[in-house]
Protein chains: 2
Amino acid sequence: MRPLVHPAIEDVQPEAILYALSDPRRAAIFARITKAGCVEACSAVSAVGDQVIPKSSLSSHFKVLREAGLIRSERHGVEMRNHSRCAEVEARFPGLLSAIMNAYAAQAR
Amino acid sequence: MRPLVHPAIEDVQPEAILYALSDPRRAAIFARITKAGCVEACSAVSAVGDQVIPKSSLSSHFKVLREAGLIRSERHGVEMRNHSRCAEVEARFPGLLSAIMNAYAAQAR
DNA sequence: TCCCATAGTTCGGGATTTCGGAACTATGGA
DNA sequence: TCCATAGTTCCGAAATCCCGAACTATGGGA
């Protein structure tokens, strides 16, 4: 099993962030992680809204978020803890994440 | 030839905007249109950076931008004029477009 | 130590999307 | 009417996405 990929913040690309968050399920997962500070992956997020997501799909969603630089995943025993990197990303691209998350929130209303 | 699709501003979805701008070429095209106020499509944008884009691909990039609600295209004689809808989008999703365009600009530096 | 349960990752292949050349359509001018 | 220019549509190849099944990793028990 290859090690998890976490890009250095200076290697994080806007296109990867936009792509990652252009999927409403990934955006919802990211919002949950950011709000909670830390979410136990996959098992804790087995569904988004009323939509059940197979665990292989979930795993790849986490991978996309991770490789875009939006989250950091570390194994703690048998489970994974995912932390939002939103402070780092905010420093690199000011206003980006909050504008995106606000846009989704505005749409929901 | 079907008529061009321009969503009403209240039907514009964040995911479509993020997806449209997650392609650096589309983001560059959008930046150019927004900066210029109006660009004659396709023929005027035959390349992005040093990369030549075939006109069928260019046509579909414009379609993605149009259907995401980012631009408005109108035919003027034989050519098309594309206008940025950034003021409308800004009103609906405050800060979103400027944060995205700033992120791309920051990356370029 | 061995076996099991839990949590995620990887694999494989079918479905969907994207890319781009060729053909087609629309418009204006000669 | 014919031609040139500007874009769109079509369609097959390539790339990507999706998700079930198989696999890997870790932490308990017994």
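Numbered from 1 within each chain, the chains take letters A, B, ... in sequence-line order. Keep in mind the model is a prediction, meaning the values are calculated, not measured.
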Atom-pair distance (CD on A:Glu15; P on D:dT16), nearest Å: 14 Å
Between C:dT17 (P) and B:Lys63 (NZ): distance, integer Å: 12 Å
Backbone of B:Leu21 reached by a side-chain donor or acceptor of B:Tyr104 within 3.5 Å: yes
Expected list for residues 88-97 of chain B: side-chain donor-acceptor pairs under 3.5 angstrom, two or more places apart:
from, atom 1, to, atom 2, distance (Å)
B:Glu88, OE1, B:Arg85, NH2, 3.1
B:Glu88, OE2, B:Arg72, NH2, 3.3
B:Glu88, OE2, B:Arg85, NE, 3.0
B:Glu90, OE1, B:Gly95, N, 3.1
B:Glu90, OE2, B:Gly95, N, 3.4
B:Arg92, NE, B:Ile9, O, 3.0
B:Arg92, NE, B:Val12, O, 3.1
B:Arg92, NH2, B:Glu10, O, 3.3
B:Arg92, NH2, B:Val12, O, 2.9

Hydrophobic cluster of A:Leu4, others only, ordered by chain and residue number, side-chain cut-off 4.5 Å: A:Met80
Rounded distance in Å - CG (A:Leu58) to P (D:dA21): 17 Å
For atom CD1 of B:Ile53 and atom P of D:dT8, their distance in whole Å: 14 Å
A:Glu67 side-chain N/O to A:Leu65 backbone N/O, donor-acceptor pair under 3.5 Å: no
A:His61 NE2 - D:dC18 C1' separation (whole Å): 9 Å
Value in whole Å for how far the C1' atom of D:dG7 lies from CG of B:Leu65: 15 Å
Proximity to DNA chain C (any heavy atom under 4.0 Å), residues of residues 16-29 of chain A only: none
B:Ser22 side chain to B:Tyr19 backbone, donor-acceptor under 3.5 Å: yes
B:Ser57 side chain near C:dG20 phosphate (N/O to OP1/OP2, under 4.0 Å): yes
Distance, rounded to the nearest Å, where B:Ile71 contributes CD1 and D:dG7 contributes P: 11 Å
Which atom of B:Pro54 lies closest to which atom of B:Val52, heavy atoms considered: CD-O, 4.0 Å
Residues forming a side chain to side chain donor-acceptor pair (under 3.5 Å) with A:Asp23, sequence neighbours excluded: A:Arg25
By side chain to side chain donor-acceptor pair (under 3.5 Å) - contacts of B:Ser84 (at least two apart): B:Thr34
Distance test, side-chain N/O of A:Ser59 to OP1/OP2 of C:dT9, below 4.0 Å: yes
Shortest non-hydrogen separation from B:Glu15 to A:Pro24 and the atoms involved: OE2-CG, 3.7 Å
Gap between atoms CE and C1', on B:Met80 and C:dG28 respectively (whole Å): 15 Å
Which protein N or O atoms sit under 3.5 Å from an N or O of nucleotides 22-30 of chain D?
none

Distance below 4.0 Å between A:Arg66 side-chain N/O and C:dG8 OP1 or OP2: no
